[in-house]
Amino acid sequence: MPTEPEKHSSVNGRWQVVAFGALLVIVILFEIVLLPSSVQDLPYSQFKKLVQTGQVADLKIGATTIHGTLLDKTSATSPETPTSEKAERFTTTRVEDPGLVAELEASGIAFSGQADNSWIFNLLSWLAPLFILLLFWSAYFRRMGAGIGGGLMAAGKSRARVYVEHEIKVRFDDVAGLDEAKEELQEVIEFLRTPEKFRRLGGKVPKGVLLAGAPGTGKTLLAKAVAGEAGVPFFSLSGSEFVEMFVGVGAARVRDLFEQALQKAPCIVFIDELDALGKARGIGPAGGSHEEREQTLNQLLVEMDGFDPNTGVIIMAATNRPEILDPALLRAGRFDRHVVLDRPDVKGREAILRVHAKNVKLAAEVNLSVIAARTPGFVGADLANIVNEAALLAARKGRDEVLMADFDEAVDRVIAGLEKRNRVINPREKAIIAHHEIGHALTAELLPHVDPVRKVSIIPRGIAALGYTQQLPTEDRYLMTRSELEDRLRVLLGGRVAEEIIFGDVSTGAQDDLQKATDTARSMVTEYGMSTRLGLRTFEKERRGLFLDTPWATKKDYSEEKAAEIDKEVEDILERAHKQVRELLTTQKPLLEKLASLLLEKEVLEGDELRQIIHAVVAEDSTNKRATLH
Ligand code: ADP
Ligand code: ZN
């Protein structure tokens, strides 16, 4: 959530205080424990004897104890040795002895009175542990954050953060695309604006609305826009913050929240990451924090059931994993309205880019629809990020207009993280990466059913990607044919095969490719009915559907023998694809090497450059062949 205030600095400060306090306590304890060991505790009678035999150097007389130093025998014979170093110190408990002062004066012992400080030590030894406990305790509570009252309240009152915003500026116009979702929420707005009128007209009053969608698809934004459109306060909290709390605190917190919300009604209560709180019972390991989660969840259910929907409180919750939610949450009278936020399609992406580019000065050449076409799969948050990044790049270059080139670079950055130009990669690794990437790119260009390559790069980006081959889908895809899936599989294997052919060895770099290839092959067999051997039947329950009754219990609906057959078929598909790519790239080995060395030199190849070279070589090849045939 973008509205969350920066809290890390205060947390760090707190821990520094704790560390300092702990250090202090250790030092004090050290003193208390270690000091007395070098000090002898003498009976008073022995002390008197020492005084009488003249073995005492000086004395400090307190109210209850006498501290003193013994004369060192050796210091008498060798005067250069400082007395204080070898002298032994002692203490003794005072007894009623009115003659002591006279006696000391008589034997010429230096003495002075001293306010007794042993009580300080006593007190400290009690207070220090208490103090350190207090520090830890307060640090812990601070860490869990401030609440409605700004962090001043006691334990039950405010642990996880609840934010209240009264004047929400976000409107539906700020939320691009998502037209269906907006339409579904229109009713909620109507209700919040004029609850009485809504009821009079016989509308069924909504209570809980669940927004389901991938992270960054605009769930929070949409919920806020509903509050903004209706002109009501917006309470928000995040489910994940409840999970770390003490047992009982979360439940108290929920109670509080509803109390506050009822006072401010009509209003919206928004619970982000509902899945953290409302995971179906039985998912995940059991443990203390889960008890807390369950208590909090139960309290939420109690509150939702308890309040009269006519009061005008609407609870909206967001989740990116609706399938793991406790079915109890989805029952009638709870979160029974479900709004699904899909990843935006190309038009939606363009609209989102437009919304965010409103406050940015774009050069005339900038075509947002081209950028939208280049970013399939991107969610609103990514697109907002691209516009921001492009504007920053333009500013850094001292321009006051954002150019298309800035957007290109921004897209690259958002895709693969920031460029790390100074990252050191040894030449052999670099060669492997170059051949691997060209393996993908060349396979893609030589096969008929794949998207053209947009760019191949071996500039390391982010932490994971050492290089990448980017393909440009010409349109958004909702359906894929079998030939397309097979070709995609081959492209995925192209990197690994290039390594085999050129280096006779393979690297770990293909891990992600192999994972994806395996997934694709498995889906072809078990979901899409594309295996001739196993036929049309599907082998797994559709798991992606929302709101199933027992979604976590994916029962296997086939026998062990079938499972073995599936595995065999998946392996066969992969093996076949591997063999085909191997043949393809072996015949094109010179081209592969040529392109790889060009990539090594330039580090980035645009799709057009790549295609020019490929077409030139392939054309030359075919004329040569014809020549030799004759
Ligand atoms: P979620 O809650 O689904 O994870 P957010 O609502 O927090 O996503 O979205 C993050 C940011 O992404 C928003 O603040 C907004 O800038 C941008 N964004 C996401 N979806 C859209 C959209 N449909 N229109 C405009 N901006 C969007
Ligand atoms: Zn690869």
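One is the number of the first residue; the rest follow in order along the sequence. Counting convention: from 1, in listed order, for ligands and their atoms alike.
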Chemist: Identify which of Ala181, Ala223, Gly216, Gly177 has a heavy atom lying nearest to atom 4 (O) of ligand 1.
Modeler: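 The residue whose heavy atom sits nearest atom 4 (O) of ligand 1 is Gly216.
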Chemist: Pairs of nitrogen or oxygen atoms closer than 3.5 Å, one from Gly218 and one from ligand 1: do any exist?
Modeler: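 Yes, since at least one N or O of Gly218 sits under 3.5 Å from an N or O of ligand 1.
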Chemist: State, with a plain yes or no, whether a side-chain heavy atom of Arg354 is found less than 4.5 Å away from one of Lys358.
Modeler: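 No, their side chains stay 4.5 Å or more apart.
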Chemist: Could you work out, for atom 13 (C) of ligand 1, the closest of Leu341, Asn385, Leu221, Asp382 by heavy-atom distance?
Modeler: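 Checking each option, the heavy atom nearest atom 13 (C) of ligand 1 is found in Leu221.
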Chemist: Under 4.0 Å from any heavy atom of Asp174, which atoms of ligand 1 are there?
Modeler: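 Near Asp174, the atoms of ligand 1 are 24 (N), 25 (C).
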Chemist: At their closest point, which heavy atom of Ala394 faces which heavy atom of Asp406, and how far apart are they?
Modeler: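 Distance-wise, the nearest heavy atoms are CB-OD2, 3.4 Å.
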Chemist: Arg334 pairs by side chain to side chain contact (heavy atoms under 4.5 Å, CB included) with which of Leu210, Leu301, Leu329?
Modeler: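 So the option named by the test is Leu301.
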Chemist: Need the ligand 1 atom indices (1-based, order shown) with element for anything under 4.0 Å from a heavy-atom of Pro215.
Modeler: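 Counting atoms of ligand 1 from 1, those under 4.0 Å from Pro215 are 4 (O).
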Chemist: Checking the N or O distance criterion of under 3.5 Å, is ligand 1 in contact with Asp272?
Modeler: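 So ligand 1 has no N or O lying under 3.5 Å from an N or O of Asp272.
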Chemist: Looking only at distances, please establish whether an N/O atom of ligand 1 is found under 3.5 Å from an N/O atom of Leu178.
Modeler: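 Checking ligand 1 against Leu178, no N or O pair falls under 3.5 Å apart.
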Chemist: For this output row, return yes or no: ring centroids of Phe270 and Phe235 closer than 6.0 angstrom.
Modeler: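 Not close enough - the centres of the two rings lie 6.0 Å or further apart.
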Chemist: Restricting to N, O or S, what is the name of the atom of His436 that lies nearest the Zn ion (ligand 2)?
Modeler: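 Relative to the Zn ion (ligand 2), the closest nitrogen, oxygen or sulfur of His436 carries the name NE2.
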Chemist: Run the side-chain hydrogen bond (donor to acceptor under 3.5 Å, both in side chains) check on Glu500 and His578 step by step: do they pass?
Modeler: CA-CA 11 Å; Glu500 290 169 4; His578 181 247; 3.0 Å; yes
Chemist: Under the criterion salt bridge (Lys or Arg N to Asp or Glu O under 4.0 Å), which of Lys455, Lys602, Arg454 is the partner of Glu609?
Modeler: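 Exactly one candidate clears the test, Lys602.
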Chemist: Which atoms of ligand 1 have any heavy atom of Ala176 under 4.0 Å away?
Modeler: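 Within the 4.0 Å cut-off of Ala176, ligand 1 contributes 22 (C), 23 (N), 24 (N), 25 (C).
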Chemist: Which atom pairs, one a donor and one an acceptor, fall under 3.5 Å between side chains of residues 167-177 and the rest of the protein, sequence neighbours left out?
Modeler:
| unit_1 | atom_1 | unit_2 | atom_2 | d |
| --- | --- | --- | --- | --- |
| Arg171 | NH1 | Ile168 | O | 2.9 |
| Arg171 | NH1 | Gly228 | O | 3.1 |
| Asp174 | OD2 | Arg171 | N | 2.8 |

Chemist: Any pair with a residue in residues 485-525 that passes ring-ring contact (aromatic ring centres under 6.0 Å, His included), sequence neighbours left out, goes on the list, sorted by first then second residue, please.
Modeler: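 Qualifying pairs, neighbours excluded: His435-Phe503.
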Chemist: Near the Zn ion (ligand 2), is there an N/O/S atom from Asp513 that is less than 2.8 Å away?
Modeler: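 Under 2.8 Å: Asp513 contacts the Zn ion (ligand 2) through an N, O or S atom.
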Chemist: Does even one non-hydrogen atom of Lys224 get within less than 4.0 Å of ligand 1?
Modeler: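 For ligand 1, residue contact (heavy atoms, under 4.0 Å) with Lys224 is absent.
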Chemist: Using side-chain heavy atoms (C-beta onward) and a distance below 4.5 Å, is Glu486 in contact with His449?
Modeler: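 No, side chains not in contact.
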Chemist: Should you measure from each heavy atom of Val175, which atoms of ligand 1 turn up under 4.0 Å away?
Modeler: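 Counting atoms of ligand 1 from 1, those under 4.0 Å from Val175 are 23 (N), 24 (N).
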Chemist: Considering both backbone and side-chain atoms of Ile352, is one of its nitrogen or oxygen atoms within less than 3.5 Å of a nitrogen or oxygen in ligand 1?
Modeler: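 In fact, backbone or side chain, Ile352 has no N or O that close.
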